[in-house]
Student: 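Pasting a structure below so you can have a look.
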Amino acid sequence: MDVETEQRLERLCTAGAPSGREGPAVEAARALLEPLMDEVWIDRLGNLIGVRRCGKPGARKLLLDAHLDEVGLTVTGMEQGFLRFAAVGVDARMLPDREVTVLADPPLRGVVACLPPHVLSAEDREKAPKVEEMFIDVGLSQEEAERRIPLGTPVVYRSNFLRLGERQMCSKSMDDRACFAALLRTAELLQDRELDVDLYLLGSTREEVGGMGARVVTQAVAPDCCVAVDVTFGVTPDTSKEEAMVMGGGPAVGIGPNCARWMVRRLLDASERESIPVQKEIMEGSSGTNGWGMQICNEGVATAVVSIPLKYMHTPVETVERADIEDTARLLAAFAAGLGEGDWQ
């Protein structure tokens, strides 16, 4: 992965943009996407869409999707200046002692309050606190909190983009902005290549709460095929080796009912032809990605799922390998290049 892709990814990840409030990430993504596309726009649901037209009459459409929202919290009330909140895709176990950003105007720093171990019973030390038992401390009085933080204000993990060793990068919202960075790199790799399809790139909204954004765009664009690019579980010492992908082993190509067989074959053939490392991920049911809803839009859309291995999903320390982002871009570019009439089934 080149330096520019890493810089793009850091810019995307530092934007605070939970589901339903994706504006900051969408604007950052838009600035990065515009130089690579013929046209870029934002729709009514806040989705970012770009198209590179091939200029051939009646050309088919290929849509590549990566979602721009992240997991977060929502302020639901206040007690003595401490904020009550609800979770939007966040695991309660991740929250005690965490630094967060409250997306008020202007944003505020906060910490998720917790009792010190000295005052906990032995029984309570063994239990994870529930979301409804926790508060966010922003250092304000009740009056100040009520004035500065409206109910419904979103909250995200504090931005902290880190390099781990020489190969890995760690941040909040790598799910799924690492994949959008891969789409940007895909468009870059295809800049000097003639295409036989109109190429659409989508930064979708609301994936973490049901995938509504990608479905709306798929319905509107009516692509002939689409690829949902998301993250999958990376191997750590405590994961099942049957259910996780090797970090640095290349993107995972989904195989199952969410994935058109001809697209899977084309992806695997492209990986072999271009010497791109890939892994196979068996998906016996829903892929858990936007691809599940995209494939039933309109009269049905041929769909594939390509995933980047990621450690510590839905935490503030999501971690990816540089090489997997670059190899994902190479695979998608190889899939798109030369995609023509003879390939559709």
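Note that the structure is a prediction, hence the values are computed from the model and not measured.
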Student: Less than 4.0 angstrom from a charged side-chain N to a carboxylate O is my criterion; do Arg177 and Glu10 meet it?
Tutor: no

Student: Walk me through it: do Asp327 and Arg330 pass the test salt bridge (Lys or Arg N to Asp or Glu O under 4.0 Å)?
Tutor: CA-CA 5 Å; Asp327 287 335; Arg330 291 175 60 212; 3.1 Å; yes

Student: Would you find more than 12 non-hydrogen atoms of other residues, nucleotides or ligands less than 6.0 Å from Glu39 atom CD?
Tutor: yes

Student: How close do Asp198 and Arg53 get, counting heavy atoms only, and between which atoms?
Tutor: OD1-CA, 3.3 Å

Student: Quick check: closest heavy atoms across Ala182 and Ala329, and the distance to 0.1 Å?
Tutor: O-CB, 3.5 Å

Student: Short question: side chain of Thr319, backbone of Val317 - any donor-acceptor pair under 3.5 Å?
Tutor: yes

Student: Would you compute the distance between atom SG of Cys54 and atom CZ of Arg193 and round it to the nearest 0.5 angstrom?
Tutor: 14.0 Å

Student: Tell me, yes or no, whether the heavy-atom count around Arg163 atom CZ, taken from other residues, nucleotides or ligands under 6.0 Å, exceeds 12.
Tutor: yes

Student: Is it true that the side chains of Thr289 and Asp230 contain a donor and an acceptor less than 3.5 Å apart?
Tutor: no

Student: Would you call Glu133 and Lys130 a salt bridge, using N to O less than 4.0 angstrom?
Tutor: no

Student: With a 4.0 Å cut-off, would you call Arg8 and Glu4 a salt bridge?
Tutor: yes

Student: Inspect the surroundings of CD in Gln191 and state if more than 12 heavy atoms from other residues, nucleotides or ligands are less than 6.0 Å away.
Tutor: yes

Student: Ion pair present between Glu318 and Lys311, side-chain N to carboxylate O less than 4.0 angstrom?
Tutor: no

Student: Can you see which heavy atom on Met174 is nearest to which on Val320, and at what distance?
Tutor: SD-CG2, 3.8 Å

Student: Applying the side chain to side chain contact (heavy atoms under 4.5 Å, CB included) criterion to Asp175, which one of Ile308, Val71, Val231 satisfies it?
Tutor: Val231

Student: Using a cut-off of 6.0 Å, state whether more than 12 heavy atoms not belonging to Arg273 lie near its atom CZ.
Tutor: yes

Student: To the nearest 0.5 Å, tell me how far Leu83 CG sits from Asp137 CG.
Tutor: 8.5 Å

Student: Is there a salt bridge (Lys or Arg N to Asp or Glu O under 4.0 Å) between Glu143 and Arg147? Walk through the geometry before answering.
Tutor: CA-CA 6 Å; Glu143 182 181 358; Arg147 178 172 55 84; over 6 Å; no

Student: Here's a test for you: under side chain to side chain contact (heavy atoms under 4.5 Å, CB included), which of Val40, Asp43, Val217 qualifies with Leu48?
Tutor: Val40

Student: Kindly indicate, with the supporting measurements, whether the criterion side chain to side chain contact (heavy atoms under 4.5 Å, CB included) is fulfilled by Asp269 and Arg266.
Tutor: CA-CA 5 Å; Asp269 288 347; Arg266 183 174 176 83; 5.7 Å; no

Student: Which atoms form the tightest heavy-atom contact between Ala214 and Asp65, and what is the distance?
Tutor: CB-OD1, 4.2 Å

Student: If I take atom CG from residue Leu32 and atom CZ from residue Arg11, how far apart are they, to the nearest 0.5 angstrom?
Tutor: 4.5 Å

Student: Report yes if some heavy atom in the side chain of Ile136 is under 4.5 Å from a heavy atom in the side chain of Val111; otherwise report no.
Tutor: no

Student: Using only heavy-atom distances, determine whether the side chains of Glu281 and Thr232 contain a donor-acceptor pair under 3.5 Å.
Tutor: yes

Student: Between Asn290 and Ser204, do the side chains contain a donor N or O and an acceptor N or O under 3.5 Å apart?
Tutor: yes

Student: On a heavy-atom basis, which atom in Val156 and which in Gly16 lie closest, and how many Å separate them?
Tutor: CG2-CA, 4.0 Å

Student: Please determine whether the number of non-hydrogen atoms from other residues, nucleotides or ligands lying under 6.0 Å from atom NZ of Lys280 exceeds 12.
Tutor: no

Student: Trp262 vs Phe335 aromatic rings, parallel, tilted or perpendicular, using cut-offs 30° and 60°?
Tutor: parallel

Student: Between Gly254 and Cys259, which heavy-atom pair has the shortest distance, and what is it?
Tutor: O-SG, 3.4 Å

Student: Going by distance alone, is a donor N or O of one side chain under 3.5 Å from an acceptor N or O of the other, for Glu321 and Gln168?
Tutor: yes

Student: Might you work through the side chain to side chain contact (heavy atoms under 4.5 Å, CB included) test for Ile325 and Met169, ending with a clear yes or no?
Tutor: CA-CA 11 Å; Ile325 296 175; Met169 296 173 295; 3.9 Å; yes

Student: Under the 3.5 angstrom rule, does the side chain of Asp69 hit a backbone N or O of Thr205 as a donor-acceptor pair?
Tutor: no

Student: Hey, are the side chains of Met94 and Asp91 touching, using non-hydrogen atoms and a 4.5 Å cut-off?
Tutor: yes

Student: Can you confirm whether more than 12 heavy atoms, excluding those of Asp238, are under 6.0 Å from its CG atom?
Tutor: yes

Student: Taking atom types as modelled and ignoring hydrogens, do the side chains of Glu208 and His314 form a donor-acceptor contact shorter than 3.5 angstrom?
Tutor: yes

Student: So for atom CZ, which belongs to Phe161, do other residues, nucleotides or ligands contribute more than 12 heavy atoms lying within a distance under 6.0 Å?
Tutor: yes

Student: For salt bridge (Lys or Arg N to Asp or Glu O under 4.0 Å), just list the numbers for Arg322 and Glu166, CA-CA rounded to whole Å, side-chain angles, deciding distance to a tenth of an Å, and then say yes or no.
Tutor: CA-CA 9 Å; Arg322 287 181 171 85; Glu166 297 180 356; over 6 Å; no

